[in-house]
Trainee: 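Can you read through this structure? Questions will come right after.
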Amino acid sequence: MGKVLIIAEAGVNHNGDIGTAKKLVDAAKESGADIVKFQTAKLEALVSKAAPMAEYQKKNIGKEESQIEMLRKLLLSFDDFVELAKYCEHQGIQFLSTPFDIESIYFLNDLVKIWKIPSGEITNMPYLIEIAKTGKPIILSTGMSYIEEVEAAVTVLQDHGAGEITLLHCTTQYPTPYEEVNLRAMLTLKEKFGVPAGYSDHTEGIEVPVAAVAMGAVVIEKHFTLDKEMEGPDHKASLEPDELKRMVKEIRNIEKALGDGKKSPSASETANIAVARKSIVASKEIKEGEVFTEENLTTKRPGNGISPMQWFEVLGRTASRDFEEDELIEL
């Protein structure tokens, strides 16, 4: 198994401030994540004036207003993203931002190496076509989707020249209750479409993304923030920097633990074979010429003598010399 791609999702947790966004870049780099991801949109192209907030947004913010009013305070400008991309390059972490409209696709095309399509755009054919036409690799989140909708989106992307597609299983609820995670759906996506699969997590902890890696996820995406108590819709369902760092560490440990799948003794356990296994030994004194029987033989540690798997090859043979009790048998 190759290295899992870990995307630290800053999203709009900068609250519209470029300085805070740069601190999020620093935190993502410090955590060991591979990519730090933001969200790019032209407000008027994203939502109508009448679009309501989601229930989780109302709950997390503690008040109700229109989506456009909420987002107006959270979005960065195109110029800010140019600056952020340069800052990421300087800090040594890959920059990524999800476009939420076609104008943002055109803008980001020169700044990103891959695309991350959010769950909400999976049924937006004009959007999918424009991203596919760039020919770049695509990571597609599938929250809120039926398998038929995923299939339709994949078909549109492939028909219009998309690069390699990776599908992320996702539950679009912030935070996601554990009983609604359905991690096995990630395996369904991999099997159904024959493409790499990963997981975009919105649970409150880190155990589910770590479990996803153990199940074969090749990409993990997780929201993070500088402080869960900051005002905004996504902070409460995000990890703080120390939690993000711990998640990355645990994922890297699981990567090591998964291994190559071949069943053979590891380098470190080879030395324990003689200590833990048994050999055929004399259960009492045996004189030269005496026949080996179940009455004068037994099996005991250490395991550096004749293996008990040769038991019936030893029985009936005659002793070539005297053996003391507990002495390893030699033929």
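If you read the sequence from its start, that first residue is 1, and numbering goes on from there. Heavy-atom basis, side chains included; hydrogens, waters and symmetry copies ignored.
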Trainee: Same cluster for Ile114 and Phe95 if Ile/Leu/Val/Met/Phe/Trp/Tyr side chains link at under 4.5 Å?
Mentor: yes
Trainee: Roughly how far, to the nearest 0.5 Å, is the CD1 atom of Ile117 from the CG atom of Leu140?
Mentor: 5.0 Å
Trainee: Got a second to check how far Arg277's CZ is from Asn272's CG, nearest 0.5 Å?
Mentor: 11.0 Å
Trainee: If I compare all heavy atoms of Cys170 with all of Ser119, which pair ends up nearest, and what's the gap?
Mentor: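 Closest heavy-atom pair between Cys170 and Ser119: SG-OG, 3.9 Å.
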Trainee: Between the side chain of Asp80 and the main-chain N/O of Ser77, is any donor-acceptor distance below 3.5 Å?
Mentor: yes
Trainee: Can you get from Met247 to Tyr178 by hopping between Ile, Leu, Val, Met, Phe, Trp and Tyr side chains that sit under 4.5 Å apart?
Mentor: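 As far as the 4.5 Å side-chain criterion goes, Tyr178 and Met247 are connected within one cluster.
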Trainee: Using the rule given for salt bridge (Lys or Arg N to Asp or Glu O under 4.0 Å), can you reason through Glu255 versus Arg252, listing the C-alpha separation, both sets of side-chain angles and the distance that settles it, and then say yes or no?
Mentor: CA-CA 5 Å; Glu255 283 177 336; Arg252 298 305 180 210; 2.8 Å; yes
Trainee: Where is the tightest heavy-atom contact between Glu149 and Ile122, given as atom of each residue plus distance?
Mentor: O-CG1, 4.4 Å
Trainee: Is there a donor-acceptor pair closer than 3.5 Å between any side-chain N or O of Ser283 and the backbone N or O of Asn296?
Mentor: yes
Trainee: Considering residues at least two apart in sequence or located in another chain, which fulfil the salt bridge (Lys or Arg N to Asp or Glu O under 4.0 Å) criterion with Asp322?
Mentor: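 Result, salt bridge (Lys or Arg N to Asp or Glu O under 4.0 Å) vs Asp322: none returned.
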Trainee: Of all the heavy-atom pairs spanning Leu168 and Val219, show the shortest one and how long it is.
Mentor: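 Nearest pair, atom of Leu168 first, then Val219: CD2-CB, 3.7 Å.
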Trainee: Roughly how far apart are Leu128 CG and Ile105 CD1, rounded to 0.5 Å?
Mentor: 8.5 Å
Trainee: Tell me whether Ile254 shares a hydrophobic cluster with Val4, the cluster being built from Ile, Leu, Val, Met, Phe, Trp, Tyr side chains joined at under 4.5 Å.
Mentor: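 Yes, Ile254 and Val4 fall within the same hydrophobic cluster.
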Trainee: Using 30° and 60° as the class boundaries, would you call the ring planes of His223 and His202 parallel, tilted or perpendicular?
Mentor: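 His223 and His202: tilted rings.
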Trainee: Looking just at side-chain N and O atoms, do Thr171 and Thr176 make a donor-acceptor pair shorter than 3.5 Å?
Mentor: no
Trainee: May I ask you to check whether over 12 heavy atoms, not counting those of Glu204, lie within 6.0 Å of atom CD?
Mentor: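 No, the 6.0 Å shell around CD holds no more than 12 heavy atoms from other groups.
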Trainee: Can you measure from CD (Gln310) to CZ (Arg317) and round to the nearest 0.5 angstrom?
Mentor: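 If we round to the nearest 0.5 Å, Gln310:CD and Arg317:CZ are 10.0 Å apart.
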Trainee: Can you check whether Pro99 reaches Trp115 side chain to side chain, under 4.5 Å on heavy atoms?
Mentor: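 Touching, per the 4.5 Å side-chain cut-off.
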Trainee: Any salt bridge linking Glu30 with Lys245? Criterion: basic side-chain nitrogen under 4.0 Å from a carboxylate oxygen.
Mentor: yes
Trainee: Are Ile306 and Glu313 close enough that some pair of their side-chain heavy atoms sits under 4.5 Å apart?
Mentor: no
Trainee: Hydrogens and angles aside, do Asn13 and Ser238 bring a side-chain donor and acceptor to less than 3.5 Å of each other?
Mentor: yes
Trainee: Just checking Glu269: does its CD atom have more than 12 heavy atoms from other residues, nucleotides or ligands closer to it than 6.0 angstrom?
Mentor: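 Enclosed.
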Trainee: Are side-chain heavy atoms of Leu189 and Ile147 found at a separation under 4.5 Å?
Mentor: yes
Trainee: Do Lys136 and Val112 make a side-chain contact, defined as non-hydrogen atoms from C-beta onward lying under 4.5 Å apart?
Mentor: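 Sidechains of Val112 and Lys136: in contact.
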Trainee: In terms of heavy-atom contacts, does CZ of Arg321 have more than 12 from other residues, nucleotides or ligands at under 6.0 Å?
Mentor: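 More than 12 within 6.0 Å, yes.
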Trainee: Which heavy atom of Tyr87 sits nearest to which heavy atom of Lys22, and what is that distance?
Mentor: CE2-O, 3.6 Å
Trainee: What pair of heavy atoms forms the shortest contact from Thr172 to Gly143, and how long is it?
Mentor: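 Minimum heavy-atom contact is OG1-CA, 3.4 Å.
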Trainee: Taking all heavy atoms of Tyr199 and all of Val181, pick out the closest pair and write down the distance.
Mentor: OH-CG1, 3.5 Å
Trainee: Is a donor on one side and an acceptor on the other found under 3.5 Å between the side chain of Glu290 and the backbone of Lys287?
Mentor: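 Confirmed, Glu290 side chain pairs with Lys287 backbone.
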Trainee: Under 3.5 Å, is there a donor-acceptor pair linking the side chains of Gln91 and Asp26?
Mentor: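 Gln91 vs Asp26: donor-acceptor pair found between side chains.
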Trainee: Report the residues that fulfil salt bridge (Lys or Arg N to Asp or Glu O under 4.0 Å) with Glu89, sequence neighbours left out, ordered by chain and then residue number.
Mentor: none
Trainee: When you look at Phe38 and His14, which way does the side-chain contact (heavy atoms from CB on, under 4.5 Å) test go after all the steps?
Mentor: CA-CA 9 Å; Phe38 297 91; His14 47 69; 3.8 Å; yes
Trainee: State, with a plain yes or no, whether a side-chain heavy atom of Lys116 is found less than 4.5 Å away from one of Ser141.
Mentor: yes
Trainee: Under a 4.5 Å side-chain heavy-atom rule over Ile, Leu, Val, Met, Phe, Trp and Tyr, are Val314 and Met309 clustered together?
Mentor: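 They do not share one cluster, since no chain of ILVMFWY contacts under 4.5 Å joins Val314 to Met309.
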Trainee: Would you say the side chain of Asp234 lies within less than 4.5 Å of the side chain of Val12, judging by non-hydrogen atoms?
Mentor: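 Yes, side chains in contact.
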Trainee: Between Thr203 and Asp201, do the side chains contain a donor N or O and an acceptor N or O under 3.5 Å apart?
Mentor: yes
Trainee: Between Gln39 and Glu9, does a side-chain contact (heavy atoms from CB on, under 4.5 Å) hold up when you go through it step by step?
Mentor: CA-CA 9 Å; Gln39 297 175 7; Glu9 167 69 280; 3.9 Å; yes
Trainee: Do Lys228 and Glu243 make a side-chain contact, defined as non-hydrogen atoms from C-beta onward lying under 4.5 Å apart?
Mentor: yes
Trainee: May I have the step-by-step check of side-chain contact (heavy atoms from CB on, under 4.5 Å) for Asn304 and Leu328, ending in yes or no?
Mentor: CA-CA 9 Å; Asn304 57 348; Leu328 293 173; 3.5 Å; yes
Trainee: Just checking, is any N or O donor in the side chain of Lys37 or Thr98 under 3.5 Å from an acceptor N or O on the other one?
Mentor: yes
Trainee: If two hydrophobic side chains count as joined below 4.5 Å and joins carry through other members, does Met144 share a cluster with Ile139?
Mentor: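 In one cluster: no.
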Trainee: Show me, pair by pair, the donor-acceptor contacts under 3.5 angstrom made by side chains of residues 153-166, not counting sequence neighbours?
Mentor:
residue : atom : partner : partner atom : Å
Thr155  : OG1  : Glu151  : O            : 2.9
His160  : ND1  : Val156  : O            : 2.9

Trainee: Take Thr298 and Val281 through the test side-chain contact (heavy atoms from CB on, under 4.5 Å) and record every step on the way to the result.
Mentor: CA-CA 6 Å; Thr298 190; Val281 303; 3.5 Å; yes
Trainee: Can you tell me how far CD of Glu231 sits from CG of Leu74, rounded to the nearest 0.5 angstrom?
Mentor: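 So the gap between those two atoms works out to 9.0 Å.
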Trainee: Is a donor on one side and an acceptor on the other found under 3.5 Å between the side chain of Lys29 and the backbone of Gly92?
Mentor: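 The answer is yes, because a donor-acceptor pair under 3.5 Å joins these two groups.
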Trainee: Are Glu294 and Trp311 packed together at the side-chain level, in the sense that at least one heavy-atom pair is separated by less than 4.5 angstrom?
Mentor: yes
Trainee: In Å, rounded to the nearest 0.5 Å, how long is the span from OG of Ser97 to CG of Leu84?
Mentor: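 The distance works out to 8.5 Å.
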Trainee: Is the closest basic N to carboxylate O distance between Glu83 and Lys86 below 4.0 Å?
Mentor: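 Judged by the 4.0 Å cut-off on N to carboxylate O distance, Glu83 and Lys86 do not form a salt bridge.
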